[in-house]
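Structure, as structure tokens:
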Amino acid sequence: MAPKYLTGDKAGIDEFLARFDVFLFDCDGVLWSGDHLFPNTAETLDMLRSKGKQLVFVTNNSTKSREDYKTKFDGKGIPAQVEEVFGSAYSAAIYISRILSLPPPKNKVFVLGESGIEAELASENIPFIGGTDPSLRRDITSEDFTNMANGSMLDPDVGVVLIGLDFHVNYLKLALAFQYLQRGAIFLATNIDSTLPMAHSFFPGAGATGAGVVTAYGKTPVALGKPSQAMMDAIEGKFRFDRARTCMVGDRLNTDIRFGIEGKLGGTLAVLTGVSRKEEFLGEGAPIVPTAYVERLADLLG
Ligand SMILES: O=C(O)[C@H](O)[C@H](O)COP(=O)(O)O
Ligand SMILES: [Mg+2]
């Protein structure tokens with residue numbers, strides 16, 4: 001069915017919003033582009049709250065923890081609670097602690113990613129190494145190759161390799177991740193988005209910064225961010241919402257909109273301020289089609 005275009009259609013917007021009690025909001029490309037908050041984002045979220053709607057912020061960006069996002073929301077003048085944030089780093093942490101629940105000592109995680117992952121692993125009492133460790137922000141040496149190959153440089157307690165968006169990726173960290181995988185570690189990712197919408201442009205995403213490990217290992221990781229239904233089940237478990245009265249709002253078809261469709265939510269809304277273009281879902285035979293779309297989030301203000 002062709003998606004409904006809501007921009008400028010006040011009656012259509014009111015009818016659409018009335019169908020839902022809960023809105024799952026993507027962040028990058030919908031609320032903001034990096035540090036740039038899109039116009040009237042706060043007013044739009046206020047309007048939904050004033051209609052009694054529940055808001056949950058569901059981001060694949062694992063560089064920040066839920067606490068970090070609370071700080072960002074505060075900084076942008078957007079009223080929001082830590083409990084309303086559900087990121088891919090948190091999704092991965094609860095998957096490791098509550099689903100995998102590997103017995104110590106082999107429950108340690110080697111992280112290829114930023115502090116958001118580390119904070120969420122710590123919140124679930126999961127030991128980790130790698131990540132933002134400054135001793136890994138250097139060139140690899142010939143001794144490193146030897147010490148990795150003979151295992152003297154490796155931690156025997158590593159049972160999981162977790163990759164996410166890493167702004168400090170380098171050969172040494174890629175090599176360490178691959179060495180742990182060759183020794184049997186479980187391969188997980190917070191998300192595998194190919195690009196990151198930032199500063200009104202696009203940059204390499206988590207899928208790109210982790211690609212070196214995927215190529216070397218020859219296997220893809222289990223990704224715990226959107227469109228993973230493990231994440232949807234975890235969010236539903238926490239917020240106990242009625243899927244038929246829930247709408248996913250996002251800028252990316254193969255993560256956000258697919259997440260809502262495969263999650264059998266009542267609807268999905270595409271916002272054209274981020275990654276996906278309307279041509280991708282208006283064309284004949286488009287694989288992923290939202291229920292409705294708007295040029296920008298603030299169009300919901302009518
Ligand atoms: O590379 C990434 O990690 C993604 O581009 C980024 O995280 C997307 O975040 P979201 O749009 O889900 O908030
Ligand atoms: Mg997005």
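Read the numbers this way: they start at 1 and go in the same order the structure lists the ligands and their atoms. Computed over heavy atoms, backbone and side chain alike; hydrogens, waters and symmetry mates excluded.
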Please answer: with hydrophobic residues joined when any side-chain heavy atoms are less than 4.5 Å apart, are V271 and L48 in the same cluster? yes

Taking both backbone and side chain into account, is any N, O or S atom of D28 nearer than 2.8 Å to the Mg ion (ligand 2)? yes

So, regarding S62 and ligand 1 (criterion: nitrogen or oxygen to nitrogen or oxygen, under 3.5 Å), is there a contact or not? no

Among all protein heavy atoms in this structure, tell me which lies nearest to atom 6 (C) of ligand 1, with the distance rounded to 0.1 Å. D28 OD2, 3.5 Å

Pull out every atom of ligand 1 sitting under 4.0 Å from any heavy atom of L196, numbered as shown with elements. 5 (O), 6 (C)

D251 OD1 and D26 OD2 subtending at the Mg ion (ligand 2) (10° steps): 80°

State whether the shortest distance between N or O atoms of P197 and N or O atoms of ligand 1 falls below 3.5 angstrom. no

Candidate pair L112 and V169, rule side-chain contact (heavy atoms from CB on, under 4.5 Å), full reasoning: CA-CA 7 Å; L112 185 75; V169 65; 4.3 Å; yes

Checking salt bridge (Lys or Arg N to Asp or Glu O under 4.0 Å) against K226, which of D193, D26, D251 comes through? D26

Would you mind listing which atoms of ligand 1 come within a distance below 4.0 Å of any non-hydrogen atom of N61? 7 (O), 9 (O)

Contact flag D256/the Mg ion (ligand 2), N/O/S atoms, threshold under 2.8 Å: no

Look only at interatomic distance and state if D256 has a nitrogen or oxygen under 3.5 Å from any nitrogen or oxygen of ligand 1. no

Between F128 and F110, does the ring centroid distance fall short of 6.0 Å? no

Which protein heavy atom lies closest to atom 1 (O) of ligand 1, and at what distance to 0.1 Å? A206 N, 2.8 Å

Taking only non-hydrogen atoms of N60 and a 4.0 Å limit, the atoms of ligand 1 in range are 3 (O), 7 (O), 9 (O), 10 (P), 12 (O), 13 (O)

Pairwise distance CG(N60) to CZ(F259) - rounded to 0.5 angstrom: 8.5 Å

Within the 4.0 Å heavy-atom shell around C27, which atoms of ligand 1 are there? 13 (O)

Donor-acceptor pair, side chain of E120 and main chain of R66, under 3.5 angstrom: yes

Among non-hydrogen protein atoms, atom 5 (O) of ligand 1 lies closest to T195 O, 2.6 Å

Where is the nearest protein heavy atom to atom 10 (P) of ligand 1: which residue, which atom, and how far? D26 OD1, 2.8 Å

Can you tell which of K51, R245, R240 makes a salt bridge (Lys or Arg N to Asp or Glu O under 4.0 Å) with D21? R245

For ligand 1, which atoms have a heavy atom of G205 less than 4.0 angstrom away? 1 (O)

E295 backbone acceptor or donor facing D299 side chain under 3.5 Å: yes

Any idea which protein heavy atom is nearest atom 2 (C) of ligand 1, and the distance to it? N191 ND2, 3.4 Å

Aromatic contact, Y69 with F57 (centres under 6.0 Å): no

For atom 13 (O) of ligand 1, find the nearest protein heavy atom and state the residue, atom name and distance (0.1 Å precision). T59 OG1, 2.6 Å

Using a strict threshold of under 4.0 Å (side-chain N to carboxylate O), is an ion pair present between E84 and K70? no

Quick look: K226 vs ligand 1, heavy-atom contacts under 4.0 Å, and the answer is side chain

Under a 4.0 Å heavy-atom limit, does T255 contact ligand 1 with its side chain, its backbone, both, or neither? neither

Could you walk me through whether T195 and R252 pass the side chain to side chain donor-acceptor pair (under 3.5 Å) test, one step at a time? CA-CA 10 Å; T195 57; R252 198 182 188 109; 3.1 Å; yes

Supply the atom-to-atom distance E262 CD to K264 NZ, rounded to the nearest 0.5 angstrom. 8.0 Å

